[in-house]
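First up is the structure itself, then whatever we jot down about it.
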Amino acid sequence: MFSGIIECVGDVSTLKPLRGDAELTIKTRFRGLTLGESIAVNGACMTVASRRGSAFTAVVSAESLRRTTLGSLRAGDPVNLERSLRVSDRLSGHFVFGHVDGMGTLEAVTPEGGSALYRFSPPAGFARFLVEKGSIAVDGVSLTVFDCGRRSFTVSVIPHTAGATTLGRMRPGARVNLETDMLARYVDRAVAHHLRRR
């Protein structure tokens, strides 16, 4: 479980094929990582399989390669990193599970004051989980949705978020991992189940 508040930006060292999966090694400033620990990498929950100094390695399953942008990473690419929540942590963002729902595309970045509006196109069927002023995780970053329609949604990225995450380096055309708010998923399922029983 995560909060969508990125702790640091790491750098990809290597991404190697591994019998249908992939082995991803990331350089980070995290200290004291333990084997088996969960870390969100661009919003996808990964398990620390090995560590050496400030770097750690995770195995990216074939399913994660299909459903996320992790398979397109290259050496030197920056990635958003967040360690899992402790029970005593403040929840400054929203509950993020690290279970990516699909990939979206950054369509446009429009400056507004000191911040910027980022418009994304989500995958098909994704829009039903989006609500005005609801939460979404974009590459693991907790953001608030507005101006949401069937083909796009917009978030506002403040200067701190742009500087502390990979969002500030992102350009139109970039692919991102998207995770909807878990509450929205449960409500959608409950309503669909109720309608089927009527």
Side-chain angles (χ1 to χ4, degrees), residues 1-7 9 38-47 58 60-73 79-85 89-110 115-158 160-162 164-168 170 172-196:
M1 177 94 59
F2 307 92
S3 69
I5 304 301
I6 302 305
E7 294 180 72
V9 173
S38 293
I39 297 182
V41 178
N42 277 356
C45 181
M46 295 287 116
T47 301
V60 185
S61 70
E63 170 70 1
S64 292
L65 291 172
R66 282 190 297 270
R67 299 288 293 268
T68 73
T69 61
L70 297 187
S72 63
L73 292 173
V79 287
N80 295 322
L81 300 174
E82 181 189 356
R83 296 176 82 170
S84 59
L85 289 172
D89 284 345
R90 289 187 177 92
L91 186 64
S92 296
H94 72 283
F95 285 124
V96 175
F97 290 79
H99 303 159
V100 174
D101 294 304
M103 293 176 278
T105 303
L106 176 59
E107 297 293 339
V109 178
T110 306
S115 301
L117 303 180
Y118 283 51
R119 190 178 79 245
F120 294 93
S121 59
F126 196 88
R128 72 179 187 271
F129 299 117
L130 300 176
V131 294
E132 194 82 6
K133 306 305 178 187
S135 297
I136 192 167
V138 176
D139 269 357
V141 183
S142 175
L143 296 164
T144 302
V145 176
F146 67 95
D147 191 23
C148 49
R150 298 183 71 175
R151 292 186 174 85
S152 70
F153 67 90
T154 302
V155 297
S156 181
V157 177
I158 62 173
H160 171 79
T161 303
T165 73
T166 60
L167 295 181
M170 210 171 275
R175 299 280 282 160
V176 294
N177 294 322
L178 299 175
E179 181 186 333
T180 58
D181 185 3
M182 181 60 77
L183 293 176
R185 280 186 266 175
Y186 280 125
V187 168
D188 179 76
R189 177 137 187 193
V191 169
H193 178 69
H194 175 73
L195 291 176
R196 281 195 303 268

Which atom pairs, donor and acceptor, lie under 3.5 Å between side-chain atoms of residues 129-150 and protein residues at least two apart or in another chain?
residue	atom	partner	partner atom	Å
E132	OE1	D147	N	3.2
E132	OE2	D147	N	3.3
D139	OD1	N177	N	2.8
S142	OG	H94	ND1	2.7

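Once rounded to the nearest 0.5 Å, the distance linking CD1 of I6 with OG1 of T165 reads 7.0 Å. The distance from the CG atom of N42 to the CZ atom of R175 is 13.5 Å, given to the nearest 0.5 Å.
Across every non-hydrogen atom of P123 and L178, the tightest pair is CD-CD1, 4.0 Å. Here the closest non-hydrogen pair linking E7 and R83 is OE2-N, 2.5 Å. In terms of heavy atoms, A108 sits closest to P172 at CA-CG, 4.2 Å. Heavy-atom minimum distance, E179 versus G98: OE1-N, 2.9 Å.
In this structure the side chain of R67 never reaches within 4.5 angstrom of the side chain of V100, judged on heavy atoms.
With sequence neighbours excluded, no residue forms a side chain to side chain donor-acceptor pair (under 3.5 Å) with S115. T47 is linked by a side chain to side chain donor-acceptor pair (under 3.5 Å) to nothing, counting only residues two or more places apart in sequence or in another chain. By the ring pair (Phe, Tyr, Trp, His ring centres under 6.0 Å) test, F126 pairs with no residue at all, sequence neighbours left out. Annotation: side chain to side chain donor-acceptor pair (under 3.5 Å) contacts of N80 (sequence neighbours excluded): T166. Under the rule for a side-chain contact (heavy atoms from CB on, under 4.5 Å), the partners of L81 that lie at least two apart in sequence or sit in another chain are C8, I26, T28, F30, I39, V41, F56, V79. Applying the ring pair (Phe, Tyr, Trp, His ring centres under 6.0 Å) test to F2 and every residue at least two apart in sequence or in another chain returns nothing. Take A127 and apply the side-chain contact (heavy atoms from CB on, under 4.5 Å) test, not counting sequence neighbours, and it matches no residue. Every residue two or more places apart in sequence or in another chain that forms a side chain to side chain donor-acceptor pair (under 3.5 Å) with S3 is listed here: E82. By the salt bridge (charged side-chain N to carboxylate O under 4.0 Å, His left out) test, R66 is found to be paired with E63, residues two or more places apart in sequence or in another chain being considered.
Annotation: side-chain hydrogen bond (donor to acceptor under 3.5 Å, both in side chains) contacts involving residues 116-127, sequence neighbours excluded, comprise E107-S121.
Of the possible polar contacts, one joining the T68 side chain to the S64 backbone as a donor-acceptor pair under 3.5 Å is found.
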